[in-house]
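Written below as structure tokens is the structure these notes are about.
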Amino acid sequence: MDKEDELPKNFIQQQIVEDLAEGKNGGRVHTRFPPEPNGYLHIGHAKSICLNFGTAKKFGGLTNLRFDDTNPTKEDTEYVDSIMEDVRWLGFDWDDRLFYASDYFDKLYDFAVALIKRGKAYVDFQSQEVISDQKGVPTRPGTDSPYRNTTPEENLEIFAKMKAGFYNEGDCVLRAKVDMASPNMHMRDPLMYRILKQPHHRTGDKWCIYPMYDYAHGQCDYWEGITHSICTLEFEVHRPLYDWFVEELKDSDYRPRQIEFSRLNISYTVMSKRRLLQLVKENYVKGWDDPRMPTICGLRRRGYTPESMRAFSDMVGITKVDGVTDVAVLEYCIREDLNKRAQRVMGVLDPLKVVITNYPEGQVEEIDAVNNPEDESMGKRKVPFSRELYIEREDFMETPTNKFYRLSPGREVRLRYSYFIKCSEVIKNEQGEITELHCTYDPDTKGGNSPDGRKVKATLHWVAVAQAVKAEVRLYDRLFTDPDPAGHKDKDLLEFLNPDSLQVLSECYVEPFVKNAKPLDNFQFERLGYFNIDPDSTADKMVFNRTVSLKDGYKK
RNA sequence: UGACCCGUGGUGUAAUUGGCAACACAACUGAUUUUGGUUCAGUAGAGUCCAAGUUCGAACCUUGGCGGGUCAACCA
């Protein structure tokens with residue numbers, strides 16, 4: 001174990017410590033991350049990735065990446081590629097240990113043949129409905145299939161014909177002969193193979209029979225030497241079957257062990273692939289990488305860093321309790337990371353023009369600004385200042401309330417890094433809307449301090465009109481209005497869709513410093529929040545995403 | 001009317017495995033601050049789902065309740 005962190009952090013690591021103490025599996029620790037390539041990874045997968053890779057690393061072990069591709073009807077290389085990209089982006093590496101369940105199709109077939117020979121598997125020609133009926137219900141035992149006692153010789157012949165494509169989809173399945181009276185439904189002669197006359201993204205047309213998850217997973221673990229097969233809680237009742245197949249397969253003392261933990265839920269969003277797919281397919285969002293999505297690619301585009309996601313994963317912990325983590329924890333993690341690292345810049349989202357009436361026309365000053373007060377090594381930059389500026393519209397209030405201490409008529413505030421200004425006149429249009437502010441500046445306050453020790457209560461961000469970069473800024477809010485949108489049995493989650501989850505601001509102005517930035521670069525827009533450059537950005541039109549706002553201590 | 005799993009502040013976890021219920025997020029107060037950010041100091045909030053038992057001592061062990069989840073896909 002790592003020296004700096006010797007104690008096991010969660011119940012899984014405690015169990016590993018026990019396994020090691022008992023001398024199991026020659027002291028090896030080997031985990032795997034086994035996604036099905038049927039969708040994009042989400043932050044729940046990130047938790048699992050961190051757990052699997054992190055745990056193995058802690059014990060000096062290894063982690064495999066294995067695609068669980070046993071169902072060609074739902075899988076695609078598009079997903080394979082995105083999954084590999086996401087795992088790498090999170091900062092993990094499987095080296096040369098990239099596997100596919102489909103790598104084992106031949107071995108799985110051979111093993112099935114062996115089980116048939118042992119009288120432990122049989123082909124069933126009954127319909128899906130009949131098989132389902134015979135399984136019974138949890139409270140009553142099932143009844144045997146009439147095919148249960150077909151001889152191994154006959155089964156061998158039929159199974160070979162299944163493989164050869166002699167039968168059609170749905171004609172028959174291969175089942176394991178386990179226990180039709182088991183209180184665990186998964187043990188009532190589970191299906192091992194079904195016929196699917198579908199090409200597979202890796203094996204093409206070679207197979208028309210495909211193994212079921214339960215028949216494939218434990219064996220793949222076994223063949224890869226996995227010691228701890230970590231999965232989510234819903235597989236708990238599969239564990240006896242996992243063990244049953246492994247017991248039939250084993251040729252030594254080595255045993256992979258399945259351990260379950262609770263899947264991640266985050267408030268105000270959904271985490272199941274099915275529901276995320278629905279949001280994409282029905283255009284409630286703009287794609288898997290929509291910044292509102294809890295997918296890894298969505299969060300990446302939103303501006304989340306790998307570090308913040310690993311920190312989050314660490315912070316939520318590993319248990320078997322199924323609960324909902326407050327999205328505020330995620331937001332805390334990205335704020336904490338970006339506070340230390342993000343380049344500061346000034347940007348105005350809702351511009352209100354300010355004319356400094358006593359500032360010389362045509363003059364431009366280059367003002368020194370600190371790049372990151374948390375990190376002196378990031379240095380300084382120049383920000384242009386001139387007579388016409390934009391400030392944030394909400395930083396002015398014509399008749400200020402008690403707690404408002406920004407700009408108002410007659411009141412003096414500081415423009416960050418530059419001068420004190422005082423509002424002398426409010427210009428309005430015929431509708432009575434404020435269009436412009438006239439202010440005066442105090443030349444003696446250059447840099448932001450008054451030689452006479454005069455104090456101001458507020459410091460505002462600003463940009464110079466002539467030099468500002470016009471940009472589109474996309475503000476995101478939670479996708480759903482309910483903390484647990486999928487948790488209502490009587491209501492569809494679409495009822496809770498937040499109609500205002502995306503707000504596009506097309507006339508924002510940012511200081512020129514951002515012009516050289518690349519897509520996904522993170523910034524803090526001072527006093528507003530963290531923003532990054534969306535890949536939609538072009539040379540002509542910059543587009544920013546608000547990753548998360550700054551914490552706001554201002555109570556209206 | 002089954003099997004398996006889970007119940008600790010609002011939320012997520014912890015409690016050196018039977019010994020003072022701790023940490024983080026969120027909330028609130030104050031200080032600092034050229035970001036109403038950050039930082040710092042502090043406050044409040046659970047007596048561990050309930051009951052009984054074992055024990056000098058129980059969040060932890062036992063039994064019984066109660067509540068929640070999962071399982072009856074030719075999905076994973």
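Naming convention: chains lettered A, B, ... in sequence-line order (proteins, then strands); numbering from 1 in each chain. All values derive from a computational prediction rather than experimental measurement.
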Protein N or O to nucleotides 38-40 of chain B N or O, pairs below 3.5 Å:
from, atom 1, to, atom 2, distance (Å)
U38(B), O2', N339(A), ND2, 3.3
U38(B), O2', E374(A), OE1, 3.1
U38(B), O2', E374(A), OE2, 3.1

I'd like a table of atom pairs between the protein and nucleotides 65-74 of chain B - only N or O on both sides, under 3.5 Å - with the distance next to each one.
from, atom 1, to, atom 2, distance (Å)
G69(B), OP1, K489(A), NZ, 3.1
C71(B), O2', H186(A), NE2, 3.0
A73(B), OP2, S132(A), OG, 3.3
C74(B), OP1, Q128(A), OE1, 3.3
C74(B), N4, G170(A), O, 3.2

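Base pairing of G64(B): its partner is C50(B), meeting the Watson-Crick or G-U wobble criterion (both donor-acceptor distances under 3.5 Å). When both pairing distances are held under 3.5 Å, C4(B) makes a Watson-Crick or G-U pair with G69(B). Pair assignment for A44(B) gives none, since no Watson-Crick or G-U wobble pairing has each distance under 3.5 Å. Nucleotide A22(B) has U13(B) as its partner under the Watson-Crick or G-U criteria, with both atom distances under 3.5 Å. Searching all strands for a Watson-Crick or G-U wobble partner of A58(B) with both distances below 3.5 Å returns nothing. Pair check for U39(B) finds A31(B); Watson-Crick or G-U wobble, both atom distances under 3.5 Å.
Between the C1' atoms of A41(B) and U32(B), the separation comes to 11 Å (whole Å). Straight-line distance between the P atoms of A15(B) and C49(B): roughly 16 Å, to the nearest whole Å. Comparing C28(B) with U13(B), their C1' atoms are spaced 23 Å from each other, to the whole Å. Atom name P, nucleotides A27(B) and G67(B): the rounded distance is 35 Å, in whole Å. Comparing A14(B) with C56(B), their P atoms are spaced 31 Å from each other, to the whole Å.
Contact between the side-chain N/O atoms of T70(A) and the OP1/OP2 oxygens of A76(B) is found at a separation under 4.0 Å. Between Y332(A) and C25(B), a side-chain N or O to OP1/OP2 separation shorter than 4.0 Å is present. Listed pair R406(A) / G36(B) fails the phosphate criterion, with no side-chain N or O lying under 4.0 Å from OP1 or OP2. Between T325(A) and the phosphate of U11(B), there is no side-chain N or O to OP1/OP2 separation shorter than 4.0 Å.
Listed nucleotides: C5(B), U17(B), A76(B). Nearest to the side chain of Q14(A): U17(B). Relative to the side chain of N71(A), the nucleotides U35(B), A76(B), A14(B) differ in distance, and A76(B) lies closest. Closest contact between the side chain of Q524(A) and the listed nucleotides U35(B), A14(B), G2(B) involves U35(B).
If you find the closest nucleotide of RNA chain B to D214(A) and to F11(A), the one lying nearer the 5' end belongs to F11(A). The residue among R416(A) and Y530(A) whose nearest nucleotide of RNA chain B is located toward the 5' end is R416(A).
Taking each heavy atom of S102(A) and R202(A) in turn, the nearest pair found is OG-NH1, 3.1 Å. Minimum heavy-atom separation, R454(A) to T445(A): NH2-CG2, 4.2 Å.
Here P34(A) lies out of heavy-atom contact (under 4.0 Å) with every strand. Residue G448(A) is in base contact, counting any heavy-atom pair closer than 4.0 Å across all strands shown.
Results of the ring pair (Phe, Tyr, Trp, His ring centres under 6.0 Å) test with F525(A) over W462(A), F544(A), F513(A) single out F544(A) as the only residue that passes. Only one option out of E307(A), E336(A), E374(A) pairs with R341(A) in a salt bridge (charged side-chain N to carboxylate O under 4.0 Å, His left out); it is E307(A).
Not a single donor-acceptor pair under 3.5 Å links the side chain of K135(A) to the backbone N or O of P141(A).
Glycosidic conformation of U17(B) is syn; the angle stays within 90° of 0.
A salt bridge does not link D368(A) to R381(A): none of the charged side-chain nitrogens sits closer than 4.0 Å to a carboxylate oxygen. The pair D19(A)-R257(A) meets the salt-bridge criterion, with a side-chain N (NZ, NE, NH1 or NH2) lying under 4.0 Å from an Asp/Glu carboxylate O. A salt bridge does not link E169(A) with R194(A): every distance from a Lys NZ or Arg NE/NH1/NH2 to an Asp or Glu carboxylate oxygen is 4.0 Å or more. Taking the charged nitrogens against the carboxylate oxygens, D124(A) and R175(A) do have a contact shorter than 4.0 Å, which makes a salt bridge. With respect to the salt-bridge test (charged N to carboxylate O, under 4.0 angstrom), the residues E331(A) and K551(A) do not qualify.
Side-chain N/O atoms of R344(A) and base N/O atoms of U35(B) include a donor-acceptor pair closer than 3.5 Å.
Going from atom CG of L233(A) over to atom CD of E260(A) covers 7.0 Å, rounded to the nearest 0.5 Å.
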